[in-house]
Number of protein chains: 2
Amino acid sequence: MTETQVRPLRRDAQRNRERIIEAAHEVFATRGFAATLDDVAHHAGVGVGTVYRRFPTKEALVEAVFTDRLEDMITLAEEALAAPSAWDGLVDFFRRAARMHAGDRGLRDAALTMDQHHFARIGELMVPLLHQIIDRAHAEGTLRADASMHDFPIILAMITDLAQNSAACRPELYERYLQLIVDGLRARPDNGDLGPQLTEDDVQAVMKECVPPLKSR
Amino acid sequence: MTETQVRPLRRDAQRNRERIIEAAHEVFATRGFAATLDDVAHHAGVGVGTVYRRFPTKEALVEAVFTDRLEDMITLAEEALAAPSAWDGLVDFFRRAARMHAGDRGLRDAALTMDQHHFARIGELMVPLLHQIIDRAHAEGTLRADASMHDFPIILAMITDLAQNSAACRPELYERYLQLIVDGLRARPDNGDLGPQLTEDDVQAVMKECVPPLKSR
DNA sequence: AGGAAGTTGAGGAACATCCTCCGTTTCGGA
DNA sequence: TCCGAAACGGAGGATGTTCCTCAACTTCCT
C-alpha cells in the first residue's frame, strides 16, 4: 500500500483539514460544484490560504469529500441487485439515489461526472452493477425493453435539478416526477416509441453540460 | 386603441429597431434570458447605446420579441382542444410546445414566467385552455387522475432544460424523455402514488428558480 | 528555545455585466 | 441644399465575482 502522506500532519493542521472537509461537504451540498474554495474557507472558519495549502485544486477537495459517499452508492446498487423483485430493486435504487442526490447537490455533481476526476475507479464498479440491475429487470419483463442503463444518469440529472429548483419551497417535489417517470418505465403493450438508444458518449457529453465545471476559468 | 408610438420613428431608427428584435430573437434562442443586451447589440451590428435607447430594460425587449410567439402557443392549445381525442390533443400539445421551447430557450424562459412581465395577459388566456385540455383528458379517462394542469409547466421546464443541455450533441434527445413521461401520464390501475397536488404558488416559485432573472444585479 | 510547519486575509489580476455619455453621423422637413 | 433634431456608436467607469498569492504572523514539537 502506498500511503499518500509522506509526513504526518501537525496536529492543528490535521484538525483544520477535517474542519475544511466538513465545511466543504456542507457548502457543496447546497451549491454543488459551483461553490467556491473561499466559501468553504469561511464556512470552516479558516483562512482561504489554509484551504489552498491543503487542497491546491477544487478537484482534490471534491475527491476528499465525496469518495466515501460515492462508495455508498455502490452499496445501494448491490442492494438493488439483492432484492427479490428486479423491478422493486430498480425502483428502490432510483428512489434512494434520487433522495441522496436531492439532499446533496455536490454528491449529485460528483456522481454525474464520475468518469472524470479521480472517481473513475468507482464508476468502473458502478457500470456493471447498473447493467445487471437493468438486465435483470428486462429479463423479468417489468422494465420496458427500450429503456437502457444510459437513461439512468439522464433521468437522475433531470430529477435532481428539479429538486434543486424546488428545494426552497417544496423540497420533496421531485418525488412526484420521479414517480411519473418510474410509471413510464414499466413495460406495457401500448407504450410509445422512445426512439434511438443513447450511447455512453452521449451521456457523458450531456452530463458535462448538466454539471458546472470544476475549473471555472 | 392607444398607439404606443407618439411620434413615428425615423427611418434608420425603425430599421435598427427591427434588426435589434431579430438579433435578440437569435441570441435569446440560444442563451435564453441570460443573454446580455450587449450581446444583442453586437449580434445586430449596432452600438450598445442604440439598444438601450430603444429598449431601456431587458424586459421591454423580451416583450417585443416574444409576444407574438407566446400567442402562437395559445393557438396550439386551442388546436389541442379541437382534436377528436382528448389524449391525443394533450400529447400533441405537449410535444409541440416542447419542440418550440427546445428550439428557442428565450421562448421557454418567457413562457415559464408568463405570470410576470407583461405577458400576464397571455397567461390569463392560457390558464383556462390548459384547464380544459386536462379536464377533457380526465373525463375521457386516459389521463391519470392525480395529474393536474400544474404539472405541465414543471414537466416542460425539466424537459426543455435537458434539451438545452443536450443541444450540442443530441438536439432531439428530449423527445425520448418526454415520451417516457407521457407514458407515465396515462391512467393505469397499477400506477404509483404521485403524492400531494401542486398549488399555483408552488409552480410559480419553482419556475422562478428555473429561469434566470431578467435583472441580474 | 528555535526552527519548521502552519495560518491568515488583504489585495492584485483577470474576468463579466450594466449602462451612461458625448462626439459624430444621419435623416428629413423647410 | 441646408440645418437642427434625432439617432448612433462604443469607449470606459462603476460594480461585482472568482481565483489565488504572499509576506507577516502564530503554533507546534523536539
Side-chain angles (χ1 to χ4, degrees), chain A residues 3-24 27-28 30-65 105-106 109 211-217, chain B residues 3-24 27-28 30-65 105-106 109 211-217:
Chain A
E3 292 299 329
T4 51
Q5 51 203 16
V6 192
R7 297 271 188 93
L9 287 179
R10 229 168 67 176
R11 188 147 43 241
D12 56 342
Q14 181 58 34
R15 185 166 29 79
N16 277 338
R17 187 174 191 279
E18 279 153 21
R19 266 197 208 167
I20 289 167
I21 290 182
E22 200 183 318
V27 172
F28 282 139
T30 56
R31 295 237 286 138
F33 282 3
T36 295
L37 292 200
D38 290 48
D39 271 349
V40 173
H42 289 127
H43 224 76
V46 131
V48 219
T50 305
V51 174
Y52 279 96
R53 155 178 289 261
R54 212 50 70 204
F55 303 97
T57 68
K58 210 194 270 184
E59 181 159 3
L61 181 55
V62 162
E63 200 187 325
V65 172
R105 173 151 257 251
D109 288 352
V211 175
L214 278 180
K215 300 250 155 195
S216 49
R217 298 268 167 105
Chain B
E3 291 298 329
T4 52
Q5 53 203 18
V6 192
R7 298 267 189 94
L9 288 179
R10 230 169 65 176
R11 186 147 44 241
D12 54 344
Q14 181 57 35
R15 185 166 28 80
N16 277 337
R17 187 174 191 280
E18 279 154 23
R19 266 197 208 167
I20 289 167
I21 290 182
E22 199 183 320
V27 172
F28 283 138
T30 57
R31 294 239 286 138
F33 283 3
T36 296
L37 292 201
D38 290 46
D39 270 350
V40 173
H42 290 127
H43 224 74
V46 132
V48 220
T50 305
V51 174
Y52 280 96
R53 156 179 291 259
R54 211 50 70 203
F55 303 97
T57 69
K58 210 194 270 185
E59 181 158 3
L61 180 55
V62 162
E63 200 188 324
V65 171
R105 174 151 255 250
D109 288 351
V211 175
L214 277 179
K215 300 250 155 195
S216 51
R217 297 267 167 108

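Chain naming here is simple, since letters A, B, ... match the order of the sequence lines and numbering starts at 1 in each. The structure presented is a predicted model; accordingly, all values stated were derived computationally and were not measured.
Taking side-chain N and O atoms only, Thr50(B) has a distance below 4.0 Å to OP1 or OP2 of dG9(D).
Residue-level contact check: Thr36(B) touches the backbone only, with heavy atoms under 4.0 Å from sugar-phosphate atoms and none from bases. Asn16(B) comes within 4.0 angstrom of sugar-phosphate atoms only, judged by non-hydrogen atoms across all strands, and of no base. Across all strands shown, Arg17(A) has no heavy atoms under 4.0 Å from either base or sugar-phosphate atoms.
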Next on the checklist: Strictly under 4.0 angstrom, non-hydrogen atoms only: write out the protein contact profile of nucleotides 24-30 of chain D, one letter per nucleotide from the 5' end, B, S or -.
Outcome noted: ---BSS-
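Proximity of a side-chain donor or acceptor of Lys58(B) to a complementary backbone N or O of Ala35(B) within less than 3.5 Å is detected.
Remark: P of dA4(C) and CZ of Arg53(A) are 14 Å apart, rounded to the nearest angstrom. Between the NE2 atom of His42(B) and the P atom of dC18(C) there is a distance of 13 Å, rounded to whole Å. When the P atom of dA5(C) is taken as reference, atom CZ of Arg54(A) falls 11 Å away, rounded to whole Å. Regarding Phe55(B), its CZ atom lies at a distance of 16 Å from the C1' atom of dC19(C), rounded to whole Å. Rounded to whole Å, atom C1' of dA6(D) lies 14 Å from atom CD of Gln14(B). Residue Lys215(B) contributes atom NZ, which lies 17 Å from atom C1' of dG16(D) at whole-angstrom precision. One can place NE2 of His43(A) at 19 Å from C1' of dG9(C), the figure rounded to the nearest angstrom.
Positionally, the nearest nucleotide of DNA chain C for Val46(A) lies more toward the 5' end than for the other of Val46(A) and Asp38(A). When the nearest nucleotides of DNA chain C are assigned to Pro56(B) and Val51(A) by heavy-atom distance, the more 5′-ward of the two goes with Val51(A).
Between Glu22(A) atom CD and His43(A) atom NE2 the span is 9.5 Å, to the nearest 0.5 Å.
Under the 4.5 Å side-chain criterion, counting only non-hydrogen atoms from C-beta, Thr36(A) is in contact with Arg31(A). Between Ile20(A) and Val40(A) there is a side-chain heavy-atom pair separated by less than 4.5 Å. Counting only heavy atoms from C-beta outward, the side chains of Arg15(A) and Arg11(A) never approach each other to under 4.5 Å. Counting only heavy atoms from C-beta outward, the side chains of Ile21(B) and Phe55(B) approach each other to under 4.5 Å.
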Where do N or O atoms of nucleotides 21-23 of chain D meet protein N or O atoms at under 3.5 Å, pair by pair?
none

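The side chain of Ala13(A) lies closest to dT7(C) when the candidates are dT17(C), dC18(C), dT7(C).
Of the residues Arg17(B), Arg10(B), Glu18(B), the one that meets the side chain to side chain donor-acceptor pair (under 3.5 Å) test with Gln14(B) is Glu18(B).
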Item to check | Stepwise side chain to side chain contact (heavy atoms under 4.5 Å, CB included) test for Asn16(A) and Arg19(A) | outcome: CA-CA 5 Å; Asn16(A) 277 338; Arg19(A) 266 197 208 167; 3.9 Å; yes
Next on the checklist: If you apply the rule side chain to side chain contact (heavy atoms under 4.5 Å, CB included), what do you find for Leu61(B) with Arg54(B), and how did you get there?
Outcome noted: CA-CA 9 Å; Leu61(B) 180 55; Arg54(B) 211 50 70 203; over 6 Å; no
